[in-house]
Amino acid sequence: MKAALLYGIKDLRIEETVKPEICAGEVLVKVRAATTCGTDLKIYQRGYVSGVIKLPTVFGHEWGGDIVEVGEGVTWLKEGMRVRAGNSSPCLRCYMCQRGDYNLCLDMMWLWGAYAEYIRVPARIVMLNTQEIPAHLSYEEAAITEPLACVLHGVEEARVKLGDTVAIIGAGPIGLLHLLTVKKMGAGKIIISDTIDERLKLAEKLGADETINAKNQDTIAETRQFTDGYGADVVIEAIGLPATWEQALRMVRKGGTVLEFGGCPPGTEIKVSTEQLHYGETTILGAFHTTPLHFRKALNLIASGTINVKPLITREMKLNEIKDAFDILSTSKSDIKIGIIP
Ligand SMILES: [Zn+2]
Ligand SMILES: [Zn+2]
């Protein structure tokens, strides 16, 4: 079968690989669509996880497809079913799992390899994190369950309340998913910043009340101005740079919450003022990945039309063109997520 293999920074190749064989408890899925993700782009551009993953590696983790083979003992999944599966499954055994903090599982099983013709879903993921795709949803919409699940986990931690002013740093796929989500949670005013006008225009279409182009505007000053000088109730960093993590701290009101959502390069640090924590009572939260429950909720929110993810899929390309797809995402102003069709 054809699969995309990452050999190093910006070195992504389509190769002929062995079609996976499945064991008991597993299913084999023919991938119908995979969507590109900011994490994939980061790895492609900067190789953040080198040292963690062994190269060459299969790539891609947001997908939907058709079951073509069902392993022994799998009862509820049938051949021909349209399904999506999460890219992780907790162990249920470690202390973090038993506390219910499944996203922090110490023995998480991960699943990569969505940019391929077939994907083997391991038993633990079949059991805990696989769902049938409702008939009216496209494979691409279903694929976006993964990033939306991460966003749901984050905003739940941040406890966005009805009427809150929420400032989001970054109008890429993750920033826009936060925008769609906090809108539904009843945010009273949503401020979003980015350096690309085209993205800010899309953010406006999707419900942003105020936009800030950080290239020629002072994001902190503008946010203060849009909030009568107080700062936002909740600030969400959706880029993943120490500079914007620190910027977020200066955009929040006294007693407000900062959700540092974007993962920064390893080894980086930020400075936090002790006075802000003490006198300002700022709550600073990190958010990592998500849980099977949030995957389930995310698919349901997409299926019910509560969160319309269609505007985020700005282009479709063939698996053969995957390198071009990532080069487009590296430079394009208007592309958000690209559907990769094997
Ligand atoms: Zn993703
Ligand atoms: Zn665990």
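Fair warning: this is a prediction, and the values are worked out from it, not measured in the lab. Read the numbers this way: they start at 1 and go in the same order the structure lists the ligands and their atoms.
Summarising the geometry, atom CG belonging to D233 is positioned 8.5 Å from atom OG1 belonging to T227; distances are rounded to the nearest 0.5 Å.
Using a 4.5 Å heavy-atom cutoff, the side chains of R84 and N129 are in contact.
Side-chain rings of F59 and Y7 stay apart, their centers remaining 6.0 Å or farther from each other.
For the Zn ion (ligand 1), the nearest N, O or S atom contributed by E146 is named OE1.
The angle subtended at the Zn ion (ligand 2) by SG of C105 and SG of C97 is 100°, given to the nearest 10°. Rounded to 10°, the angle formed at the Zn ion (ligand 1) by SG of C37 and NE2 of H61 is 100°.
When distances to the Zn ion (ligand 1) are checked against a cut-off of 2.8 Å, E62 contributes an N, O or S atom below that limit. Within the 2.8 Å limit, C150 places no N, O or S atom next to the Zn ion (ligand 1).
With no hydrogens or angles considered, a side-chain donor-acceptor pair links S138 and E141 at under 3.5 Å.
The residues E62 and K337 are annotated as salt-bridged, a charged nitrogen and a carboxylate oxygen being separated by less than 4.0 angstrom.
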